[in-house]
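Written below as structure tokens is the structure these notes are about.
As the structure is a prediction and not an experimental result, all values here were calculated from the model. Counting from 1, the numbers follow the sequence of the chain as shown. Hydrogens, waters and symmetry mates play no part in the numbers below; they use all other heavy atoms, side chains included.
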Amino acid sequence: CRLQGRLKEHNDAKGAKYTRSRRPVVLVWSKSCKSHGEALSLEHTIKQLTRQQKQGLIAGKGNSR
């Protein structure tokens, strides 16, 4: 699975510079998307959420937006 490979890259300090000093990286939420464009759009939407909304998303408390 591509997602597991990305997680391994981050934990092996080969991923984004941001995560290199914040290991171990743990996957807490994911969603399957039909296309790369849909995934980018979802990522943008999630980045706009407040910390509280993101924590609700992780906890599985309904729609965050």
Side-chain angles (χ1 to χ4, degrees):
C1 176
R2 179 75 180 127
L3 191 56
Q4 293 302 323
R6 297 270 299 157
L7 190 61
K8 183 174 179 348
E9 285 176 4
H10 285 300
N11 283 318
D12 290 344
K14 296 177 184 173
K17 187 184 282 189
Y18 178 85
T19 60
R20 288 182 195 161
S21 63
R22 293 166 174 84
R23 290 181 289 154
V25 176
V26 179
L27 180 65
V28 294
W29 186 86
S30 69
K31 179 179 178 182
S32 182
C33 295
K34 294 179 183 178
S35 68
H36 182 72
E38 182 182 340
L40 290 175
S41 178
L42 178 60
E43 179 181 11
H44 176 75
T45 300
I46 291 170
K47 286 184 176 186
Q48 302 306 307
L49 299 177
T50 64
R51 179 177 174 85
Q52 186 177 15
Q53 289 171 319
K54 290 173 187 173
Q55 288 172 331
L57 182 65
I58 293 168
K61 296 180 181 174
N63 290 336
S64 51
R65 246 191 193 188

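Side-chain atoms of Glu38 and Ser35 include no donor-acceptor pair closer than 3.5 Å.
Without hydrogens or angle criteria, Asn11 side chain to Val25 main chain gives a donor-acceptor distance under 3.5 Å. Looking only at distances, no side-chain donor or acceptor of Ser41 sits under 3.5 Å from a matching main-chain atom of Gly37.
Note: His44 NE2 to Leu49 CG = 10.0 Å, rounded to the nearest 0.5 Å. Taken from CZ in Arg6 to CG in Leu27, the straight-line distance is 11.5 Å, to the nearest 0.5 Å. If you take CD on Gln52 and CG on Leu57, they are separated by 13.0 Å, rounding to the nearest 0.5 Å. Rounded to the nearest 0.5 Å, atoms NZ (Lys8) and NZ (Lys14) are 6.0 Å apart. Considering CD of Gln55 and OG1 of Thr50, their distance stands at 8.5 Å, rounded to 0.5 Å.
Leu42 approaches Trp29 most closely through the heavy-atom pair CD2-CH2, 4.2 Å. Scanning all heavy atoms of the two residues, the minimum distance from Cys33 to Ala39 falls at SG-CA, 3.7 Å.
In this structure, Arg22 is positioned above the aromatic face of Tyr18, its NZ or CZ under 6.0 Å from the six-membered ring centre and within 45° of the axis.
At least one side-chain heavy atom of Leu7 sits less than 4.5 Å from a side-chain heavy atom of Gln4.
In terms of the side-chain contact (heavy atoms from CB on, under 4.5 Å) criterion, residue partners of Glu43 (sequence neighbours excluded) are, by chain and number, Leu40, Lys47.
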